[in-house]
> 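Input: one structure, supplied below.
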Amino acid sequence: MSQDHHREELLILKTIAETLNTSNDLKPMLHHVLGKLMELTGLTSSWIFLNEDTEYEFVADYNLPPGLTYNNKAPMCGSSCWCLNSYRSKKLKGAVNILECQRLEKAVDQGEGDTWNISHHATVPLRSGQRSFGLMNVAAPDKNHFSEEELALLESVALQIGSTIERTRLYALEQRRAERFASVGELVNQLSAVMEQQVVTEEEVIHAVLELIHTHFDWPYAIWLEGEKTELLQACIHNKGMTPKVITLSMLPESDKKSRENRCFQSQDSFQMMKPEDVPAPLRTLADMDTDIQSNVTWIASKVSTCANNENNYALLIASTSKETLRPADGEALDALLDAVMSARARVFLDEQRKELARLAERNRLARDLHDSVNQMLFSLSVTAKGVERLLQNNQKEAALPYITDMQQLSQDALSEMRSLILQLRPSELNKGIGLALKCYGENLGLNMMLQNTLHGVLTEDMEETLFRIGQEALNNVSKHANAMLTKIKIYKKDDKITLIIEDNGQGSRLEAGELDRIAWKGSIGLASMRERAEMAGGELVWRSESGKGTTVTVVLPQHVSFIN
């Protein structure tokens, strides 16, 4: 090889490399590169096929003869020819000198246009490392032979193109992954906001997720599946932004058990590409998928094995009418979505369990209070009544009178204590607002109450319950320990937070601040439960007491929900 020829090849490779680095938009870039290659080599026509799995796509060309551009380049859209068959069968290992072109032969036979006397072409695989991306064909009129040097140059160019294809695909993948995970993040934030604003069930979590998927992603179908082993038990379908449709096992054909089997439950992969026929037939029908869409839909399935409260299988399926819109990044995003869904469902389940434990704790507390107060009073009343009965039988009426007075007092005390315990369950005053409910509760305890309530609107039942329970315990402490002349209740809203302050002018505590905190939070079940209730609601509680100056309890809770005007 002459030095001039070597310099010419280096110039070609340099120019091709510079051209390949001008853009990340693959198809226009490939067209531009083919033009440069033809210009530098003196060849006439070139075209490129790229493969995706087992499918091949005609993606770029330069200066095709009329015989190949007929009817919007229809001759180039067939997926079968000698060069593609050789590439598909992995017989095409390197640049091949000459292949007779079936597409050109067909153009000549059918008179579809001038072929410029091009009958043969060189075929070069496009590779990067061990990965193959497709092939490039180059041709010129009356050229039926390519020298070893020409094939080596074409192979070098093909390697450059293959590396660029890999780079652009990786760039597109990372860009899509970033976009998908940004959408996942937005969806999860909105789901969290929904769960903070209102109490939701596990089923409502699924409905919310499917609706949010339609908002944040371009997937026309999203389906949530629940099954036992491989058999489908329930599904929730979200179709083109419409209201989610729930399908239970009873809605599926009993006669055909296989129609209820879901292949995505059989795979151990985190996500998988599926064909429409792999999805249970009733789902495709009930999803209202048009017949012309069904044949083109590509599905991705993502699954998890178990949930916190049962051992069923779960899957989240998405679908698209174009394979181009479903890539591995979509599967990774779907996996992240499924994790978020399962976490949200687990959160709902744990919240329900926590509320049940709170109810059990409340029942136990009431049982203890009944035993320690009302039950003992009634026992004393019963014993005193028996004593009075004996005195009356012995005609000792004068001696019985003091005991009858005691019985009346015991019955009044028992009635008052029982009324107080009943009020703790769900005071009717809560229907008029948390401020009035606490004021009435304090007055029932015999406290002199003052209410300052600047809160307008009605809180949710959960927030009222939390504030009332904390206020109850604080007022109980005032009644038992403070010896206060006046107890003030303040309730107001500031910066989307609800604040409750219960302040008394009683005797307070003589302890130092550090010792006070230690005893208050570690030695008092009541105070500890107050703080725990506040923290469980996402807020905080501060307890301050000073000898001779009384005690102040301040509760601040985030306003998770909007007020009902």
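Positions are given from 1, in the same order as the sequence printed here.
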> Is it true that R177 and E174 make a salt bridge, defined as a side-chain N closer than 4.0 Å to a carboxylate O?
yes
> Between CG of L455 and CD1 of I434, what distance do you get to the nearest 0.5 Å?
10.0 Å
> So, taking the atom named CG in L30 and the one named OG1 in T164, what distance separates them when rounded to the nearest 0.5 Å?
8.5 Å
> If I compare all heavy atoms of L557 with all of G539, which pair ends up nearest, and what's the gap?
CD2-CA, 3.9 Å
> Can you tell me which residue among I48, L26, I165 is in a side chain to side chain contact (heavy atoms under 4.5 Å, CB included) with V59?
I48
> Just jot down the side-chain hydrogen bond (donor to acceptor under 3.5 Å, both in side chains) partners of T499, sequence neighbours excluded, or say none.
none
> Got a second to check how far T168's OG1 is from I161's CD1, nearest 0.5 Å?
11.5 Å
> Taking all heavy atoms of A158 and all of V124, pick out the closest pair and write down the distance.
CB-CG1, 3.4 Å
> Quick check: do L135 and W47 have side-chain heavy atoms less than 4.5 Å from each other?
no
> I need the L50 CG to L126 CG distance, nearest 0.5 Å.
6.5 Å
> Taking all non-hydrogen atoms of both residues, which atom of A107 and which atom of G67 are closest, and how far apart?
CB-O, 3.4 Å
> Any heavy-atom pair between the side chains of R176 and D330 that's under 4.5 Å?
yes
> Kindly say whether T44 contributes a backbone atom to a donor-acceptor pair with the side chain of N63 at under 3.5 angstrom?
yes
> With a sphere of 6.0 Å drawn around CZ of F181, does it hold more than 12 non-hydrogen atoms of other residues, nucleotides or ligands?
yes
> Does the side chain of L37 come within less than 4.5 Å of L154's, by heavy atoms?
yes
> Just so I know, are the side chains of F217 and V184 near enough to count as touching, which here means a heavy-atom distance under 4.5 Å?
yes
> Before giving the answer on side chain to side chain contact (heavy atoms under 4.5 Å, CB included), spell out for E186 and L212 the whole-Å C-alpha distance, their side-chain angles and the decisive distance to 0.1 Å.
CA-CA 9 Å; E186 293 172 0; L212 289 170; over 6 Å; no
> Could you check whether any side-chain N or O of R103 sits under 3.5 Å from a backbone N or O of P75, counting only pairs where one atom can act as donor and the other as acceptor?
yes
> Looking at P65 and L104, what are the two nearest heavy atoms and their distance?
CG-CD2, 4.2 Å
> Give a yes or no on this: more than 12 heavy atoms of other residues, nucleotides or ligands lie within 6.0 Å of atom CZ of F58.
yes
> Side chains of S45 and I118, heavy atoms from C-beta outward: is any pair under 4.5 Å?
yes
> Who are the side-chain contact (heavy atoms from CB on, under 4.5 Å) partners of A344, not counting sequence neighbours?
L191, M195, V205
> Report the distance from atom OG1 of T554 to atom CG of L541, rounding to the nearest 0.5 Å.
7.5 Å
> Q190 versus H216: any side-chain heavy-atom pair under 4.5 Å?
yes
> Can you give me the closest heavy-atom contact between V188 and A340, atom names plus distance?
CG2-CB, 3.6 Å
> Please examine the side chains of H207 and W224, heavy atoms only from C-beta on, and report whether any two atoms are closer than 4.5 Å.
no
> Identify the heavy atoms of H121 and C101 that sit nearest to each other, and give their distance.
CD2-CB, 3.4 Å
> Nearest 0.5 Å please: distance from the CG atom of L34 over to the CG atom of L43.
11.0 Å
> More than 12 heavy atoms of other residues, nucleotides or ligands under 6.0 Å from CG of N72: is that the case?
no
> So do V33 and Y62 actually touch side chain to side chain, heavy atoms under 4.5 Å?
no
> Whether the side chain of H31 engages the backbone of D61 through a donor-acceptor N/O pair (distance < 3.5 Å, no angle test) should be reported.
yes
> With sequence neighbours excluded, what pairs up with E535 under the side-chain hydrogen bond (donor to acceptor under 3.5 Å, both in side chains) test?
none
